[in-house]
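Convention: sequence-line order gives letters A, B, ...; per-chain numbering from 1.
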Number of protein chains: 2
Amino acid sequence: MAMQDFSRSLPMRLYRALAVVMPRFRRIFAKAGLTEQQWRVLRVLWEQPSVPQSALVELTLIPAPSLIGVLDRLTVAGLVERRRGTDDRRVVEVAATAAGRALEERLMPDVQATYAELRASLDESTWRALETGLDELIRAQRPREGAAAAQARARHSTGEDIA
Amino acid sequence: MAMQDFSRSLPMRLYRALAVVMPRFRRIFAKAGLTEQQWRVLRVLWEQPSVPQSALVELTLIPAPSLIGVLDRLTVAGLVERRRGTDDRRVVEVAATAAGRALEERLMPDVQATYAELRASLDESTWRALETGLDELIRAQRPREGAAAAQARARHSTGEDIA
DNA sequence: CGCATTTAATTCATATATTAATCTTTAACC
DNA sequence: GGTTAAAGATTAATATATGAATTAAATGCG
């Protein structure tokens, strides 16, 4: 069962795809003094008046511990605001400030143009096959419902650490 | 030109694909006390007696400044060795030690099995379409030959900083 | 030969990722 | 109604990413 070349494994292809695609976008973000993660947060906040922090984790794919720092810096820059939820005081609601929202008009044109170029670099059928393949992969591998709970339960039941 | 949902953009789909795929692999690496990047380096070194560090950057997709630290830790762990090139004393040749090579047999079975599961979660045609789509994207976006050199040249000729 | 350029590593400063642990607030349940 | 467990956010420790700058060795060329 000859193992294929490591560089041709699916994960490495995914990493390489991002490595060739993202630098052009980051150059755009950098013009506004934003990192890629800061951009992602703003990009999501532009679509809604306010978003619970836990939802931001899912929508931006920024891990919770990292998001803390990203929001800290965005807050210091005056681009976002945090508020404690009124009914449930555990949740933190995040919203873009006026300055944060102003960046949308400044950045989206270039980003859209670059995205259009990206899309135009593949023919329509290949592009769609790529999107479909990614979606199916995500759906197939996405942790089953209740997996986390089941795992937590298991952790409490038996020994767990089999060195 | 209604912008699509951010989560459905190609970059976010790529990030999400990695996010759902890699955790299972990382759990395997962790059993041997390896991080994902340390694994990648070893995985490449298993295929050859020795690899120049610059080649490792390309093959593992670990940026040069990060690779320094990864190799430091692998060296301390006794899993790899560094040697200065004999003809060209700028290059650093990296090779796996006996201990480093021993990890191959310990890790590859689980990794292969998990990879097989991953592959089996999609039908053959979808899997291949995904691979093809990624390859075409990479080929289309890969910086053109001489782009770096041309860029460096341009940087020295004219003003460059157009704020 | 001697100098300007390139190449390969490395360093630096800052930002983010990963995993585990902690803390507070809710929800659940007897 | 009080105790226990779960959810959401945060902290902590370590590892890696990113972009700019630096160093040392090799190369091109007048």
Side-chain angles (χ1 to χ4, degrees), chain A residues 15 18-19 22-23 25-27 29-31 33-41 51-58 60-74 76-77 82-94 146 148-153 155-157 160-161, chain B residues 15 18-19 22-23 25-27 29-31 33-41 51-58 60-74 76-77 82-94 146 148-153 155-157 160-161:
Chain A
Y15 280 125
L18 282 165
M22 294 313 296
F25 287 104
R26 292 200 195 103
R27 277 192 285 274
F29 308 152
K31 283 185 189 173
L34 296 178
T35 64
E36 183 186 340
Q37 287 78 3
Q38 291 169 356
W39 148 267
R40 280 195 235 166
V41 168
V51 179
Q53 193 166 314
S54 57
L56 269 184
V57 167
E58 170 59 20
T60 63
L61 298 183
I62 297 171
S66 301
L67 187 56
I68 302 286
V70 175
L71 291 178
D72 283 348
R73 287 176 282 275
L74 282 172
V76 168
R82 290 191 261 207
R83 275 181 209 154
R84 278 287 165 185
T86 51
D87 58 329
D88 188 336
R89 303 196 47 75
R90 287 173 300 181
V91 321
V92 171
E93 289 281 337
V94 185
Q151 212 171 4
R153 241 174 290 128
R155 203 179 307 131
H156 283 285
S157 61
E160 173 69 21
D161 26 36
Chain B
Y15 281 126
L18 281 165
M22 294 313 297
F25 287 104
R26 292 202 194 101
R27 277 193 284 275
F29 307 152
K31 283 185 189 172
L34 296 178
T35 65
E36 183 186 341
Q37 287 76 3
Q38 292 170 354
W39 148 267
R40 280 195 235 166
V41 168
V51 179
Q53 193 168 312
S54 57
L56 268 183
V57 167
E58 170 60 19
T60 63
L61 298 183
I62 297 171
S66 302
L67 187 56
I68 303 285
V70 174
L71 291 178
D72 283 348
R73 288 177 280 275
L74 282 172
V76 168
R82 288 191 263 208
R83 275 181 208 156
R84 279 287 166 183
T86 51
D87 58 330
D88 188 336
R89 302 197 47 77
R90 287 172 304 182
V91 321
V92 170
E93 290 281 336
V94 185
Q151 213 170 5
R153 241 174 291 127
R155 204 179 308 131
H156 283 284
S157 60
E160 171 71 17
D161 25 37

_Working to the nearest 0.5 angstrom, can you tell me the gap between A:Y15 OH and B:T60 OG1?_
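Separation between the atoms: 11.5 Å.
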*asked:* If the condition is side-chain contact (heavy atoms from CB on, under 4.5 Å), which residues does B:P65 pass it with, not counting sequence neighbours?
replied: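 With sequence neighbours excluded, B:P65 shows a side-chain contact (heavy atoms from CB on, under 4.5 Å) to B:P63, given in chain and number order.
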*Could you pull out all residues at least two apart from B:V92 that satisfy side-chain contact (heavy atoms from CB on, under 4.5 Å)?*
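B:V92 satisfies side-chain contact (heavy atoms from CB on, under 4.5 Å) with B:Q53, B:R82, B:R84, B:V94 once adjacent residues are dropped.
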*C:dA8 P sits how many Å from B:L56 CG, rounded?*
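Value for this atom pair: 13 Å.
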_B/S/- contact track for nucleotides 7-18 of chain D, protein heavy atom under 4.0 Å_ = BSSBBB--SSBB
*asked:* Using C1' atoms of five pairs at each end, report the bend of the helix from C:dC1-D:dG30 to C:dC30-D:dG1 rounded to 10 degrees.
replied: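 What I find for the helix from C:dC1-D:dG30 to C:dC30-D:dG1 is an axis angle of 20°.
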Listed by chain and number, what are the salt bridge (charged side-chain N to carboxylate O under 4.0 Å, His left out) partners of [X], not counting sequence neighbours?
X	result
B:R89	none
B:E93	none
B:R26	B:E36

*Sequence neighbours left out, what passes ring pair (Phe, Tyr, Trp, His ring centres under 6.0 Å) with A:F29? Give chain and number order.*
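A:F29 satisfies ring pair (Phe, Tyr, Trp, His ring centres under 6.0 Å) with A:W39 once adjacent residues are dropped.
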*Side chains of A:V76 and A:D72: closer than 4.5 Å at any heavy-atom pair?*
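Side-chain contact under 4.5 Å: no.
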